[in-house]
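Notes for the one structure printed next.
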Amino acid sequence: MADHLLSEQLDTHNKQENAKFSSESGAEMTYTILWIHDEFKVQAADIFLTSFLKTGTTWLKALIFAIINRTQYDFSTHPLLSNNPHECFPFLDAYVHDHSHETISCLDSLPSPLLLATHFPFSLLPNSMITTSGCKFVYICRDPKDVLVSNWLFLNKLRPKELTPLPLEEAFELFCQGMSHFGPYWDHVLEYWKWSLEKPEKILFLKYEELKKEPLVVVKKLAEFLGQPFSLEEERKGIVQEIVRLCSFENLSNLEVNKTKTCKLTKDVVVNNNLYFRKGEIGDSKNYLTNEMMEHLDKITLEKLFGYGLTF
Ligand code: A3P
């Protein structure tokens, strides 16, 4: 009986702490969205990487950074060997400070083109980002089953110590109901997918799975889309292969900076770099989800994406 009461009390405590945790991050997010709408000035040369959590953002940041700066750095002393990809290609949210003027001058002082990432859904982007001509977007998505599992494992590691880990069953229910940091996963993907069909010159839509299967093809496609195609000479010298190798899971995850250091993502969030590199495989979710869970997720995917020409 005493055990039962204790577990009920713990449960109530956890729910209260969870609610506090969510409402604090909700308020922070509202502030960030308002800042991006009111203060952020888009430039024609800017490159934006947009994605849902755990879809391959870190990998794509590294690739885009390496492609854009390929004539500036030697592969033996490349910044990606001593910096986490999130330091080379920050989140737009990282510039949201209390003193917005300081922030803007800090953004102004960054080299052009500005490489900035955001997890915000298309419908929350300011009009200026969508309509400014010249600036480009790259979006990456991934099989929802792998997104859920990767996200669940990652967020449990970031949870405050006083909270017990979120059970997978609960994470699954929340994900299926569309309750996640940046809204329902399927809507996130679909909004960017529709935009890419409408404006293929503005946004390149990628899948983690295609990047895993054909990294060389995708890297060439990326360079071309970003207006910096590889020359025949570069191809002959094996630059495309060098970039793919530099940014590979094996290489990045074994670097000292990614094994032992931390990185400040936004003004309040500091993350151990090793958390960004778990397994980097397609289909690892089958080792965590039951068959019923996998079937249910596939069913939602089929229903939500039906008729749009997008599959996983
Ligand atoms: P897993 O948890 O399935 O291993 P994000 O960067 O959007 O947070 O996504 C993280 C996911 O991408 C993790 O997936 C991580 O292991 C994987 N990942 C990170 N770097 C990678 C790389 N260079 N190549 C392939 N996958 C990578």
Side-chain angles (χ1 to χ4, degrees), residues 48-67 75 78-81 83-94 115-121 138-158 166 168 171 175 180-182 185 188-189 192 205-219 222 240-255 257-259 261-263 265-266 269-289 294 297 312:
F48 298 104
L49 165 53
T50 49
S51 62
F52 196 85
L53 294 160
K54 313 321 285 175
T55 54
T57 318
T58 315
W59 188 14
L60 196 53
K61 279 184 174 193
L63 287 169
I64 296 177
F65 181 84
I67 292 170
F75 286 104
H78 202 280
L80 282 167
L81 296 174
N83 298 274
N84 177 267
H86 294 285
E87 292 171 292
C88 299
F89 194 141
F91 280 102
L92 183 50
D93 325 11
L115 304 180
L116 290 169
T118 181
H119 286 315
F120 284 124
V138 182
Y139 183 78
I140 186 158
C141 65
R142 188 181 187 186
D143 185 319
K145 302 189 287 300
D146 289 342
V147 174
L148 162 65
V149 168
S150 182
N151 218 354
W152 168 65
L153 292 166
F154 178 77
L155 290 178
N156 264 342
K157 289 188 184 129
L158 288 189
L166 189 71
L168 177 57
F175 188 79
S180 27
H181 280 81
F182 296 92
Y185 179 63
H188 201 285
V189 174
Y192 280 104
F205 188 98
L206 299 175
K207 288 184 195 166
Y208 180 89
E209 292 76 13
E210 65 171 327
L211 194 46
K212 278 293 281 190
K213 286 178 192 151
E214 294 195 299
L216 295 173
V217 174
V218 177
V219 164
L222 256 170
V240 188
Q241 283 86 345
E242 283 279 12
I243 289 177
V244 168
R245 199 202 58 77
L246 171 72
C247 303
S248 67
F249 183 89
E250 292 65 32
N251 188 50
L252 292 183
S253 62
N254 282 306
L255 295 171
V257 62
N258 293 325
K259 286 204 285 194
K261 301 270 167 31
T262 59
C263 162
L265 266 195
T266 63
V269 183
V270 175
V271 179
N272 286 333
N273 291 342
N274 65 11
L275 294 187
Y276 290 108
F277 305 93
R278 194 183 63 87
K279 268 198 177 167
E281 284 172 10
I282 298 175
D284 184 49
S285 50
K286 67 175 179 305
N287 297 314
Y288 295 85
L289 302 173
M294 304 225 298
L297 283 164
F312 285 102

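Owing to the predicted nature of the structure, the values given are computational and were not obtained by experimental measurement. Both ligands and their constituent atoms are indexed starting at 1 by order of listing.
When only interatomic distances are considered, the shortest N/O to N/O separation between S150 and ligand 1 falls below 3.5 Å. For ligand 1, one of its N or O atoms has an N or O atom of K279 under 3.5 Å away. Among the atoms of L252, none of the N or O lies under 3.5 angstrom from an N or O of ligand 1. Looking at ligand 1, you'll find an N or O of T55 within less than 3.5 Å of one of its N or O atoms. Checked against a 3.5 angstrom limit, the closest N/O atoms of F52 and ligand 1 fall outside it. Of the N or O atoms in F277, none lie within a sub-3.5 Å distance of an N or O in ligand 1. Where the criterion is an N or O separation shorter than 3.5 Å, residue side chain and backbone included, K54 meets it with respect to ligand 1.
The backbone N or O of E250 sits less than 3.5 Å from a side-chain atom of N254, completing a donor-acceptor pair. The closest donor-acceptor contact from the side chain of S253 to the backbone of F249 lies under 3.5 Å. Under a 3.5 Å cut-off, the side chain of N258 and the backbone N or O of N273 do not form any donor-acceptor pair. Looking at D143, its side chain does come within 3.5 Å of a backbone N or O of K145 through a donor-acceptor pair. R142 places no side-chain N or O within 3.5 Å of a backbone atom of G56 that could act as its donor or acceptor partner. Looking at W59, its side chain never comes within 3.5 Å of a backbone N or O of L211 through a donor-acceptor pair.
Given atom 19 (C) of ligand 1, the protein heavy atom at minimum distance is Y276 O, 3.2 Å. Of all protein heavy atoms, the one closest to atom 22 (C) of ligand 1 is W59 CG, 3.4 Å. Remark: minimum distance from atom 16 (O) of ligand 1 to any protein heavy atom is reached at R278 N, 3.0 Å. In terms of protein heavy-atom proximity, atom 6 (O) of ligand 1 is nearest to T58 OG1, 2.5 Å. Counting protein heavy atoms only, atom 27 (C) of ligand 1 is closest to F249 CD1, 3.7 Å. Distance from atom 11 (C) of ligand 1 to its nearest protein heavy atom, with residue and atom name: R142 NH1, 3.7 Å.
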Should F48 and T118 be marked as a side-chain contact (heavy atoms from CB on, under 4.5 Å) after you check the CA-CA gap, both sets of side-chain angles, and the distance that decides it?
CA-CA 7 Å; F48 298 104; T118 181; 5.8 Å; no
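Residue S248 touches ligand 1 through its backbone alone, judged by heavy-atom distances below 4.0 Å. Proximity of C247 to ligand 1, defined as any heavy-atom pair under 4.0 Å, is confined to the backbone N, CA, C and O atoms. Proximity of F154 to ligand 1, defined as any heavy-atom pair under 4.0 Å, is not found for any part of the residue.
In this structure, G56 counts as a contact residue of ligand 1, since one of its heavy atoms falls inside 4.0 Å of the ligand.
By the 30° and 60° cut-offs, the orientation of the rings of F91 relative to H119 is tilted. Ring geometry for Y276 against H86 counts as tilted: the plane angle lies between 30° and 60°, on a 0 to 90° scale.
Between F52 and Y185, the ring centre distance stays below 6.0 Å. Here the two rings, on F120 and F182, have centers that are under 6.0 Å apart.
Listed by number with element, the atoms of ligand 1 under 4.0 angstrom from any heavy atom of G280 are 1 (P), 4 (O), 16 (O), 26 (N). Per-residue contacts place Y208 under 4.0 angstrom from the following atoms of ligand 1 (heavy atoms of the residue considered): 17 (C), 25 (C), 26 (N), 27 (C).
By heavy-atom distance, the residue among L63, L53, V271, T57 lying nearest atom 5 (P) of ligand 1 is T57.
We find that R278 and D284 are joined by a salt bridge, their nearest charged nitrogen and carboxylate oxygen being less than 4.0 Å apart.
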